[in-house]
Amino acid sequence: MKIQARIFKGARDFFPEQMLHRERILQVMRTTFKKYGFAPLETPAIEYLDVLTGKYGEDADRLIYKLNYKVGQKDEAALHYDLTVPFSRAVAMQTDLPLPFKRYQMQPVWRADRPQPHQGRFREFYQCDADCVGSESMIIDAEMIAITYEILSQLNIPDFVIKINNRKILNGITQYIGLDNSHVSEVCNAIDKLDKVEWNEVEKDLIDKYIAATSIEKLHQLLIKDLSLDLLKTELNSIEIAQQGIAELQELFSYLAIFNIPETHYKFDISLARGLDYYTGPIFETKLPKHPHMGSLNGGGRYNGLIASFGGKDIPAVGTSLGLDRIFTAMQQLNLLDDVKTSTKVLVGNFGEVTLAASLKLVTDLRANNINTEFYPDADKLKKQFGYCDKKKIPFMCIIGEEEMIANVITLKNLQNSEQTKLSLTDLIVRLK
RNA sequence: GACAUGUUAGCUCAGUUGGUUAGAGCAUCGGUUUGUGGUACCGAGGGUCAUGGGUUCGAGCCCCAUACGUGUCCCCA
């Protein structure tokens, strides 16, 4: 009985033409993370379920992939939903870690979401995180934004904007409109939505959530003013928590200026809320304003209480997370990826038994010189061997037929310009290096 | 979860008010050319029209059900 070949919804296979690009993107990230002093770290794909739940918020908790193993028992397992929570769990377990500690981590994560590939949304995807634990300094928050900016710039992503806000400001606004902290998420949600829909829609939502009319009106009056950070500071002068949040962002922005991050690529955005519960301070998210359908390329922020929630020391933390799959999808849609199918530089043709040993010796010599070399395994017609070379966009082909073997030379053909020459092995190696 | 929409060859799709034997492009393989690709020409293979039922003299097309997919919203990387 044959089983239909099919792939899990929201998961993907990556063939070389995609993987070569994905590896390059990861390499840019890795290099940049190291440049800023982050060291590599990995945690398991699998965690105990109770380590993950209650950190992200109700909606997100439902999207955690639970593993069907000892359901309901204390050691019920799940696939990790992000890298921040497992990292925090690991830090909480490592009592003698010298602080501040900076790590980067690039691994797949899983979410039981409805996939929307066009928007770069999948069930299995790579997160590439840099986090620092053990410092409250806004310098670190600024570094997170700087590193995000540097990576996206190096990948030549045009016109991205890092939106920045502060949870303390959102808490302050909630107080300002006369609600207690239990309503922060409703308020955030409403503000966040305002990006996409009209006020009356947002108002309707808030009414549905039993928010008092006076609070809704006060929120409307505040948002309609579209205040700059400075003016917001005056408006919210009686709210202590908001004052703190604004001061933090002003400090953060002063560091971004010193780090030479162009102002075109970041901005204060009061409508940025972020859904995950664990954020406590500055938050940020990267969007492509010219491609609003595409989900955010990056998200991050400060999460000072998370590590303490695992017991033990209360260690402050901040991090940035770049979405490999979002970035890759955006680059595909923006036509930023060349048509690469292989990393092979030269194909050595196969002329059959008489010349086989000479051809294989050539293959060995080329590889010994670090030239990426592929040997065509069957003595097919040359037409077919050239066709293979062409289809895989291998730039060069070498031939040792009987003529070449007698003359002790190698024919080298450049597939791009069709030039063909006979060379000695030494000259060939020089040419291909 | 809500709404919309789709399923015909390996892939992308066409298929008229229901009417003979199911169409194209690309891809694959072969030939023109047994030591030369990307161009050209010739030829070949490849389809229980998602599944099950119904209407009809007759269904890829109409009706019902099921499965699966896709898009948007919500939320996110």
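So you know, we letter chains A, B, ... as the sequences are listed, proteins then strands, and number each from 1.
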For B:rG45 versus B:rA4, give the span between their C1' atoms, rounded off to a whole number of Å.
-> 40 Å

P-based separation of B:rC62 from B:rG19 [nearest Å] = 11 Å

Are OP1 or OP2 of B:rA77 and a side-chain N or O of A:Arg274 less than 4.0 angstrom apart?
-> yes

Report which part of the nucleic acid A:Lys413 touches: base, sugar-phosphate, or nothing (heavy-atom distance under 4.0 Å, all strands).
-> base

Between B:rG6 and B:rA14, how far apart are the P atoms? Round to whole Å, please.
-> 11 Å

In whole angstrom, give the distance that lies between atom CE of A:Met294 and atom C1' of B:rA77.
-> 11 Å

Distance below 4.0 Å between A:Gln119 side-chain N/O and B:rC73 OP1 or OP2 | yes

If the C1' atom of B:rG52 is compared with that of B:rC68, how far apart are they to the nearest Å?
-> 15 Å

Check: B:rG71 base within 3.5 Å donor-acceptor of A:Arg114 side chain | yes

Indicate, yes or no, whether a donor-acceptor pair under 3.5 Å links the base of B:rA77 to the side chain of A:Arg121.
-> no

Which is true for A:Gln420 with a 4.0 Å heavy-atom rule: it touches a base, it touches only sugar-phosphate, or it touches nothing?
-> base

Cation-pi check, A:Lys218 to A:Tyr176: give yes when NZ or CZ is under 6.0 Å from the six-membered ring centre and within 45° of the ring axis, no otherwise.
-> yes

B:rG43 and B:rC49: how far apart are their P atoms, nearest whole angstrom?
-> 28 Å

For A:Gly349, report the nucleic acid contact type (base, sugar-phosphate, nothing); a contact means any heavy atom under 4.0 Å.
-> nothing

So, A:Ser321 and A:Asp129: side-chain donor and acceptor under 3.5 Å apart, yes or no?
-> yes

Indicate, with a heavy-atom threshold strictly under 4.0 Å, whether A:Leu322 touches base, sugar-phosphate, or nothing.
-> nothing

Examine B:rG71: is either OP1 or OP2 under 4.0 Å from a nitrogen or oxygen in the side chain of A:Gln116? Give yes or no.
-> no

Please list all pairs passing the ring-ring contact (aromatic ring centres under 6.0 Å, His included) test where one or both residues lie in residues 101-124 of chain A, with sequence neighbours left out.
-> A:Phe33-A:Tyr104, A:His80-A:Trp110, A:His118-A:His293

5'-most by nearest nucleotide on RNA chain B - A:Gln127 or A:Asp390 | A:Asp390

Taking A:Glu404 for its side chain and A:Gly401 for its backbone only, find out whether a donor-acceptor pair lies under 3.5 Å.
-> yes

Would you mind classifying the nucleic acid contact of A:Phe122 as base, sugar-phosphate or nothing, using non-hydrogen atoms under 4.0 angstrom?
-> base

Any idea which of B:rC29, B:rC74, B:rG35 is nearest the A:Lys384 side chain?
-> B:rC29

Taking the same atom, P, in B:rA27 and in B:rC11, what whole-Å distance lies between them?
-> 15 Å

Remember a base hit wins even if backbone is also touched, and classify A:Gln416 as base, sugar-phosphate or nothing at under 4.0 Å, heavy atoms.
-> base

Nucleotide B:rA27, atom P - distance to NZ of A:Lys341 in whole Å | 12 Å

Sticking with atom C1', work out how far B:rU16 lies from B:rG10, rounded to a whole angstrom.
-> 29 Å

Scan A:Gly387 against the nucleic acid and name what it touches under 4.0 Å (heavy atoms): base, sugar-phosphate only, or nothing.
-> sugar-phosphate

Do A:Lys413 and A:Phe386 meet the cation-pi criteria used here (NZ or CZ under 6.0 Å from the six-membered ring centre, within 45° of the axis)?
-> yes

Is it the case that A:Glu23 and A:Gln27 place a side-chain donor and acceptor less than 3.5 Å from each other?
-> no

To the nearest angstrom, how far is A:Asp378 atom CG from B:rU34 atom P?
-> 20 Å

Salt bridge present between A:Arg103 and A:Asp131 (N-O < 4.0 angstrom) = yes

Name the stems with RNA chain B in them: runs of three or more consecutive Watson-Crick or G-U pairs, distances under 3.5 Å?
-> B:1-7 with B:67-73, B:10-13 with B:23-26, B:28-32 with B:40-44, B:50-54 with B:62-66

If you check every side-chain atom of A:Thr411, which of B:rG31, B:rU36, B:rA77 has the closest atom?
-> B:rU36

If you measure from the ring centre of A:Phe386 to the centre of the six-membered ring in the base of B:rG38, is it under 5.5 Å, with the planes under 30° apart?
-> no

d(NZ, A:Lys163; P, B:rA77) in whole Å | 13 Å

A:Tyr279 ring centre to A:Arg167 NZ or CZ under 6.0 Å, with the angle to the axis within 45°?
-> no

Establish, from distance only, whether the side-chain atoms of A:Tyr56 and A:Asp82 form a donor-acceptor pair under 3.5 Å.
-> yes

May I ask you to say what A:His293 touches in the nucleic acid, namely base, sugar-phosphate or nothing, with a heavy-atom cut-off under 4.0 Å?
-> nothing

Nearest-nucleotide pick for A:Glu403, side chain only, options being B:rA77, B:rG35, B:rU72 | B:rG35

Under 4.0 Å between any heavy atoms, over every strand shown, what does A:Gln385 touch: base, sugar-phosphate, or nothing? Just pick one.
-> nothing

Evaluate the side-chain contact (heavy atoms from CB on, under 4.5 Å) criterion for residues A:Met144 and A:Cys132: first the C-alpha distance (whole Å), next the side-chain angles of each, then the deciding distance (0.1 Å), finally the verdict.
-> CA-CA 9 Å; A:Met144 293 301 165; A:Cys132 176; 3.9 Å; yes

From B:rG35, B:rA77, B:rC3, nucleotide with atom closest to A:Leu276 side chain | B:rA77

Touch check for A:Asn298, heavy atoms < 4.0 angstrom, all strands: base, sugar-phosphate only, or nothing?
-> sugar-phosphate

Take atom CD of A:Glu124 and atom P of B:rA77, then tell me their distance rounded to the nearest Å.
-> 17 Å

Below 4.0 Å: OP1/OP2 of B:rG69 and any side-chain N or O of A:Lys9 | yes

Using heavy atoms to find the nearest nucleotide of RNA chain B for A:Arg123 and A:Pro117 separately, return the residue whose nucleotide is more 5′.
-> A:Pro117

Base, sugar-phosphate, or nothing for A:Ile399, non-hydrogen atoms under 4.0 angstrom?
-> base

Which part of the nucleic acid does A:Phe351 contact within heavy-atom distance under 4.0 Å: base, sugar-phosphate only, or nothing?
-> base

Say you pick atom C1' in B:rU66 and the same atom in B:rC29; how far apart are they, in whole Å?
-> 39 Å

Calculate, to the nearest 0.5 Å, the distance between atoms CD and CZ belonging to A:Glu285 and A:Arg274 respectively.
-> 5.0 Å

